[in-house]
Amino acid sequence: MTLDQKYPLHFTNSLSGKKEKFEPIHPGFVGMYVCGPTVYNFVHLGNTRTFLTFDTVSRYFRFLGYKVRYVRNITDVGHLVNDADEGEDKIAKKARMEQLEPMEVVKQYTEDFHSVMRVFNILPPSIEPSATGHIIEQINITNKLIELGLAYEVNGSVYFDVKKYNQQNNNSYGILSGRNIDELMESGRELDSQSEKRDKRDFALWKKALPAHIMRWPSPWGDGFPGWHIECTVMSTKYLGETFDIHGGGLDLKFPHHECEIAQATGANGKSPVNYWIHSNMLTVNGQKMSKSLGNSFLPSELFTGNHPLLEKGYTPMTVRFFMLQSHYSSTLDFSNEALNAAEKGYKKLSAALTIIKQADPTGTGAPDAELSSGLHHLAEQCYQNMSDDFNTAKTLAVLFEMASRINDIKSGNLVVSRIDKETFDFFKKTYVGFMEDVLGLREETSHNHELLDGTIQVLIELRKKAKTDKNFALSDKIRDDLKAIGVQLKDNKDGSIDYTVE
RNA sequence: GGUUCCGUGGCCGAGUGGCUAGGCUGAGCUCUGCAAAAGCUCCUACAGCGGUUCGAAUCCGCUCGGAACCUCCA
């Protein structure tokens with residue numbers, strides 16, 4: 001029995017709003033597309049949460065034995081500033097402000113994005129396509145939609161005919177976001193230069209470029225650039241097929257972006273593009289969504305250094321990762337210094353247990369205790385059960401904390417390893433290490449633990465041992481206190497050995 | 001205005017009809033030369049008001065409060 005059969009995965013499908021059993025199109029394989037960043041600025045912490053969510057999702061699929069193709073795009077054309085744009089997109093605007101070539105901007109912020117992903121231990125996707133690399137495909141699908149009568153050209157721009165699509169598809173526009181097309185008409189706002197559209201609910205597939213616009217490509221309708229939604233439709237279906245398993249993204253993309261993707265793809269290919277939609281919720285600050293425009297966002301670098309008015313101190317990447325994993329991806333998560341401090345301590349506890357269990361060995365004498373063994377086996381199994389239940393990282397962490405207590409029992413001698421049968425011990429160890437490192441992506445933060453530093457501290461530890469043996473407690477305390485003052489905490493173990501941690 | 005979601009103990013945060021969430025903080029105990037770490041114990045909540053039910057934090061209704069989307073946004 002394979003792991004995915006033993007612990008069948010269920011998760012909430014945004015399309016139905018219900019928790020569903022995951023049934024892949026091709027058994028053993030998962031195709032997943034996630035909307036990536038728009039690279040016209042530094043990614044802030046809120047953006048990071050979404051990528052962390054889907055990193056964990058893809059990690060767990062792989063852990064269960066699935067072969068995953070994870071596609072996450074780079075939006076380097078830039079979303080329109082607004083629907084009434086003057087033929088200028090965000091990247092072009094930024095480029096002019098900074099006197100740079102658009103591709104220079106894109107390059108800079110893509111590099112930043114990648115480095116942020118790396119420090120958070122977010123694994124790279126299988127394919128990372130860019131919008132500018134798929135202009136031809138975007139033109140082709142736009143052409144196809146025109147031929148099908150679902151799009152129309154006006155003055156060098158092409159728009160998707162939402163009303164017509166809706167009539168042809170059982171009024172399904174709004175199927176994802178629960179929106180009603182008639183209500184959209186009432187609430188939609190009127191914009192001056194929107195007069196080109198036949199209906200204000202229509203959205204752009206291709207926009208004509210004005211002379212000032214510096215990102216432009218030739219097309220059957222003249223020089224221009226693609227609309228926002230079409231890139232994701234093109235790149236997802238190109239690499240995953242016309243219907244694929246999972247599409248993810250931030251909740252704020254549900255409407256209109258994802259709704260438009262469904263309409264375009266369904267219109268062009270005659271079939272629904274995605275079986276399961278997953279939306280991750282927002283990171284909030286004082287209850288409000290973190291966003292650049294609200295001025296309550298901060299950059300990962302500011303978080304690490306603590307160099308920000310909202311931050312009391314700096315926090316390590318793994319502390320932040322742990323902090324985010326403590327809540328469910330579908331809930332909002334509120335940022336606060338208190339919560340980060342709590343996370344820092346909690347994470348250190350798990351990390352310390354990780355170091356211990358990795359070195360633990362099931363040696364020793366004594367008969368295995370069946371009841372004890374089955375209790376530990378059951379505990380470890382809960383990691384699988386919790387992750388298979390809508391990727392519940394919070395519940396999984398709760399189990400890992402209990403496992404960490406047992407690991408500490410082993411270290412302190414409260415729990416004799418030989419009382420655990422070999423099979424259970426191996427499963428327990430494999431589960432703890434596997435869920436920490438492979439599934440949750442939490443690694444030991446030992447960057448301070450350089451060889452030189454370690455060697456130096458070992459010398460001091462030996463001196464202190466000698467002082468203790470000589471009952472020279474004044475000296476042994478001075479060594480410990482002085483080390484603590486510079487951030488090195490010594491810990492005396494029962495067996496006389498001495499460990500240390502670096503703050 | 002429309003659509004949707006949320007309101008859990010000192011703080012963060014899981015949980016959807018009966019069974020201990022967990023972390024952090026605080027108090028105590030054990031271990032220890034003293035610490036630190038660790039283990040154990042305690043502090044037992046579900047916005048308010050009604051209703052359904054043998055039984056509700058969990059379902060229904062109303063009230064109050066907060067948020068997201070409807071415009072670029074992870």
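Just so we're on the same page: letters track the sequence lines, and every chain starts at 1. Everything quoted here is computed from the prediction, not taken from an experiment.
- Minimum atom distance to the side chain of A:P256 is reached by B:rC70, of the listed B:rC70, B:rG33, B:rG15.
- If you measure from atom CG of A:L354 to atom P of B:rA37, you get 20 Å, rounded to the nearest angstrom.
- As rounded to the nearest Å, B:rC46 and B:rC59 have P atoms that lie 16 Å from one another.
- B:rA21 and B:rG9 have their P atoms separated by 13 Å, given to the nearest Å.
- Ring planes of A:F298 and A:H308: perpendicular class, angle over 60° (limits at 30 and 60°).
- For B:rA14, one of the phosphate oxygens OP1 or OP2 lies less than 4.0 angstrom from a side-chain nitrogen or oxygen of A:S331.
- No side-chain donor-acceptor contact under 3.5 Å links A:T284 and A:T332.
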Next on the checklist: Does A:F160 form a ring-ring contact (aromatic ring centres under 6.0 Å, His included) with A:Y165? I'd like the steps, not just the answer.
Outcome noted: CA-CA 8 Å; A:F160 187 84; A:Y165 166 81; 5.6 Å; yes

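- Atom NE2 in A:H247 sits roughly 13 Å away from atom P in B:rA74 (whole-Å rounding).
- Using cut-offs of 30° and 60° on the angle between ring planes, the pair A:F322 and A:F401 is perpendicular.
- Contact between the side-chain N/O atoms of A:K491 and the OP1/OP2 oxygens of B:rU32 is not found at any separation under 4.0 Å.
- For a distance-only test at 3.5 Å, the side chain of A:D492 qualifies as a donor-acceptor partner of the base of B:rC34.
- Comparing B:rC11, B:rA14, B:rA74 by their nearest atom to the side chain of A:E338 picks out B:rC11.
- B:rG2 and B:rU63 are spaced 13 Å apart, taking the P atom of each and rounding to whole Å.
- Of the listed nucleotides (B:rG39, B:rA74, B:rA14), B:rA74 has the atom at the smallest distance from the side chain of A:T50.
- When heavy atoms are screened at a 4.0 angstrom cut-off, A:G249 is found touching the sugar-phosphate backbone but no base atom.
- Taking 4.5 Å as the limit, some side-chain heavy atom of A:K491 sits within range of a side-chain heavy atom of A:T501.
- At a threshold of 4.0 angstrom between heavy atoms, the contacts of A:A398 include nucleobase atoms, whether or not backbone atoms are also involved.
- Residue A:K345 has a polar side-chain atom (N or O) positioned under 4.0 Å from OP1 or OP2 of B:rU25.
- Pairing for B:rC69 is with B:rG2, a Watson-Crick or G-U wobble pair whose two hydrogen-bonding atom distances lie under 3.5 Å.
- Within the nucleic acid shown, A:F255 comes within 4.0 Å of sugar-phosphate atoms alone, with no base atom in reach, counting heavy atoms only.
- B:rA47 is paired with B:rU63 under the criterion used here, namely a Watson-Crick or G-U wobble arrangement in which both key atom distances are under 3.5 Å.
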Checklist entry - Can A:F51 and A:F113 be said to form a ring-ring contact (aromatic ring centres under 6.0 Å, His included), step by step? => result CA-CA 11 Å; A:F51 303 125; A:F113 170 65; 5.3 Å; yes

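- Using a 4.0 Å heavy-atom distance criterion, A:K349 is classed as a sugar-phosphate-only contact.
- As rounded to the nearest Å, B:rA57 and B:rA47 have C1' atoms that lie 11 Å from one another.
- In this structure, the CD atom of A:E402 is 12 Å from the P atom of B:rU20, given to the nearest Å.
- Across all strands shown, B:rG18 forms a Watson-Crick or G-U wobble pair, both distances under 3.5 Å, with B:rC54.
- Between A:V399 and A:M282, the residue anchored closer to the 5' end of RNA chain B is A:V399, taking for each the nucleotide with the nearest heavy atom.
- The side chain of A:S291 contributes no N or O atom lying less than 4.0 Å from OP1 or OP2 of B:rA74.
- Note on A:D334: only backbone sugar-phosphate atoms sit closer than 4.0 angstrom, heavy atoms only; bases stay farther off.
- Distance, A:L333 CG to B:rG23 P: 18 Å, rounded to whole Å.
- At the heavy-atom level, A:Q288 lies under 4.0 Å from the strands shown only through sugar-phosphate atoms.
- Here A:S327 lies in heavy-atom contact (under 4.0 Å) with sugar-phosphate atoms only.
- B:rG51 sits 47 Å from B:rG39 when the C1' atoms are compared, rounded to a whole Å.
- Residue A:D182 contributes atom CG, which lies 19 Å from atom P of B:rC70 at whole-angstrom precision.
- Judged by the 6.0 Å distance and 45° axis criteria, A:R179 is positioned over the aromatic ring of A:F255.
- Using a 4.0 Å heavy-atom distance criterion, A:L490 is classed as a base contact.
- Pair assignment for B:rC40: B:rG28, on the basis of Watson-Crick or G-U wobble contacts that are both within less than 3.5 Å.
- Among the protein residues, A:S405 comes within range of the sugar-phosphate backbone only, with heavy atoms under 4.0 Å from sugar or phosphate atoms but none that close to a base.
- Spacing between B:rG13 and B:rC49 at atom P, rounded to whole Å, works out to 25 Å.
- Counting to the nearest Å, the C1' atom of B:rA36 and the CD1 atom of A:I461 are 13 Å from each other.
- Considering only side-chain N and O atoms, A:N408 lies under 4.0 angstrom from the phosphate OP1 or OP2 of B:rG39.
- Between A:N386 and A:V399 the shortest side-chain heavy-atom distance falls below 4.5 Å.
- If you measure from atom CG of A:N341 to atom P of B:rC12, you get 14 Å, rounded to the nearest angstrom.
- A straight line from NE2 of A:H257 to C1' of B:rU71 spans 15 Å, rounded to a whole angstrom.
- As judged by a 4.0 angstrom heavy-atom cut-off over every strand, A:D481 is placed among residues making no nucleic acid contact.
- The aromatic ring of A:F401 does not stack onto the base of B:rG22, failing the criterion of a centre distance under 5.5 Å from the six-membered base ring together with planes under 30° apart.
- OP1 or OP2 of B:rG39 has not a single side-chain nitrogen or oxygen of A:S412 nearer than 4.0 Å.
- Evaluation of atom-type donor-acceptor distances gives a pair under 3.5 Å for the side chain of A:R480 against the base of B:rA35.
- Exactly one of A:R443, A:R59, A:R321, A:K358 qualifies for a salt bridge (charged side-chain N to carboxylate O under 4.0 Å, His left out) with A:E437. That residue is A:K358.
- Across all strands shown, A:K254 has no heavy atoms under 4.0 Å from either base or sugar-phosphate atoms.
- Distance from the side chain of A:F51 is smallest to B:rA74 among B:rC24, B:rA74, B:rG39.
- Nucleotides B:rC31 and B:rC40 are separated by 11 Å at their C1' atoms, to the nearest Å.
- Side-chain nitrogen and oxygen atoms of A:R406 include at least one within less than 4.0 Å of the OP1 or OP2 phosphate oxygen of B:rC40.
- The separation of B:rA56 from B:rA45, taken at their C1' atoms, amounts to 15 Å, rounded to a whole angstrom.
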